Amino acid sequence: GAHVVLRLSQVGGKRAQPTHEDMQLAANLAAYYSELKGEKRARVSYTSAKHVGKPKGAPVGAVTMRKEDGTLLGIPIDVSELAAKELESRAISR
């Protein structure tokens, strides 16, 4: 499947927490760029970077998760609708 990385900023020495909207958009992107793009929903697992690793000898892009923090339902169609709105807003602003 597809991988999405949320890069979080440091605030006062602590890593900021992603919002639910950030997590949902990441899940939607992962679903959109996966083999499940044509499905209405796709189950997307998430974890922190410290639990992600590349297996020895595995091809580029292959990863394993040592611990899953949870799952979300990614909705691929939301990404294509969001992209269409973004393109429309750029065309209007020109």
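It should be emphasised that the depicted structure is a prediction, and the values quoted were computed from it without experimental measurement. Numbering of residues begins at 1 and proceeds along the displayed sequence.
Note: L72 CG to L25 CG = 11.5 Å, rounded to the nearest 0.5 Å. Between the CD atom of E21 and the CG atom of N28 there is a distance of 11.5 Å, given to the nearest 0.5 Å. The distance from atom CG of L36 to atom CZ of R41, rounded to the nearest 0.5 Å, is 13.0 Å.
Smallest separation of non-hydrogen atoms from A31 and A42: CB-CB, 3.8 Å. Considering all non-hydrogen atoms of both residues, K37 and P76 come closest at O-CB, 3.4 Å.
When hydrophobic side chains of Ile, Leu, Val, Met, Phe, Trp and Tyr are connected at separations under 4.5 Å, I75 ends up clustered with I77.
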Indicate every side-chain donor-acceptor pair of residues 3-12 with a distance under 3.5 Å to a residue at least two apart or in another chain.
unit_1	atom_1	unit_2	atom_2	d
Q10	OE1	R15	NH2	3.4

Going by atom type alone, with no hydrogens or angles, which donor-acceptor pairs under 3.5 Å involve a side-chain atom of residues 43-51 and a protein atom two or more places apart or on another chain?
unit_1	atom_1	unit_2	atom_2	d
R43	NH1	T71	OG1	3.4
S45	OG	E68	OE1	2.9
T47	OG1	K67	O	2.6

